[in-house]
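Just below is one structure, and these are the notes that go with it.
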Amino acid sequence: TAAPSASARPAKYPRLQPRQYASIPSEEFIAERVNDAIAWYDKSADKNKKLYLRTRAATVIGGALVPVLVNIQLPYVDVVTTLISLMVVLLVSLESVYHFREQWTNYRGTEQNLRHEYFLFTSKGGIYANKDKGDAYQYFVERTEELISSENASTLKTMTSLSEAKPDMKPRALGKK
């Protein structure tokens, strides 16, 4: 049998619709780009907040239980203490890899900034107050895309900065400190 064609597999992301240059009205841009971005950032912020708070609570509780359990003489308490200690180490390690707290705050900040920009634009407030409709819309699109781009760069930096940080490994000359 032949392998399935590329068109038979569902696309991970919806295909972009062919459009003419400068053909997206503001209502469509808000509906397709801004609302989708706000919904995604809101959902992602909520998810990362829950993950952060759960891992943090579990590590605090586990960290508090271990010293108490070490001083109790009960059957299997040493096994339980070891398992709780292992859980704390694993959760702290996962937080250092996935950066739930940083992701939560990045996503929430971007979601709030997109809402803020939307309301300034639609109310003709702030920087939009003295602009004509065309200039205001162009600026709104640029600001929206800049907010999304900045968050993407921030996420990439957060997710790669600690994993790439390595101690200075320059060889020392013999006899010098």
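Excluded from the calculations below are hydrogen atoms, water molecules and symmetry mates; all remaining heavy atoms, backbone and side chain alike, are included.
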CZ/Phe29: more than 12 non-hydrogen atoms of other groups inside 6.0 Å: yes

Straight-line distance of Ser149 OG to Glu142 CD, nearest 0.5 Å: 12.5 Å

Sidechain-backbone polar pair: Thr144 side chain, Phe140 backbone, donor-acceptor under 3.5 Å: yes

May I have the list of side-chain donor-acceptor pairs in residues 31-38 shorter than 3.5 Å, sequence neighbours left out?
unit_1: Glu32; atom_1: OE1; unit_2: Arg19; atom_2: NH2; d: 2.5
unit_1: Glu32; atom_1: OE2; unit_2: Arg19; atom_2: NH2; d: 3.1
unit_1: Arg33; atom_1: NE; unit_2: Glu145; atom_2: OE2; d: 2.8
unit_1: Arg33; atom_1: NH2; unit_2: Glu145; atom_2: OE1; d: 2.8

Members sharing Val60's hydrophobic cluster (side chains within less than 4.5 Å): none

Test side-chain hydrogen bond (donor to acceptor under 3.5 Å, both in side chains) applied to Tyr137 - qualifying residues, sequence neighbours left out: none

Any residue meeting side-chain hydrogen bond (donor to acceptor under 3.5 Å, both in side chains) with Ser26, in chain and number order, not counting sequence neighbours: none

Closest heavy-atom pair and its distance - Ala58, Leu91: CB-CD1, 3.4 Å

Chi angles and distances behind the side-chain contact (heavy atoms from CB on, under 4.5 Å) call for Leu94, Thr55: CA-CA 9 Å; Leu94 286 174; Thr55 57; 5.8 Å; no

For Glu111, all residues meeting salt bridge (charged side-chain N to carboxylate O under 4.0 Å, His left out), sequence neighbours excluded: Arg108, Arg115

Residues in salt bridge (charged side-chain N to carboxylate O under 4.0 Å, His left out) contact with Arg101, at least two apart in sequence or another chain: none

Mutual orientation of the aromatic rings belonging to Tyr128 and Phe121 [parallel < 30°, tilted 30-60°, perpendicular > 60°]: perpendicular

Asn130, CG atom: more than 12 neighbouring heavy atoms under 6.0 Å: no

Exam field: side chain Thr155 to backbone Asn152, donor-acceptor pair closer than 3.5 Å: no

Test log, rule side-chain contact (heavy atoms from CB on, under 4.5 Å), inputs Leu51 and Trp104: CA-CA 9 Å; Leu51 287 168; Trp104 159 36; over 6 Å; no

CG-CG distance between Asp42 and Leu114, expressed to the nearest 0.5 angstrom: 11.5 Å

Flag, side chain of Glu95 to backbone of Tyr52, donor-acceptor distance under 3.5 Å: no

Pair Ile84-Leu69, side-chain contact (heavy atoms from CB on, under 4.5 Å): steps then yes or no: CA-CA 10 Å; Ile84 292 173; Leu69 292 174; 3.5 Å; yes

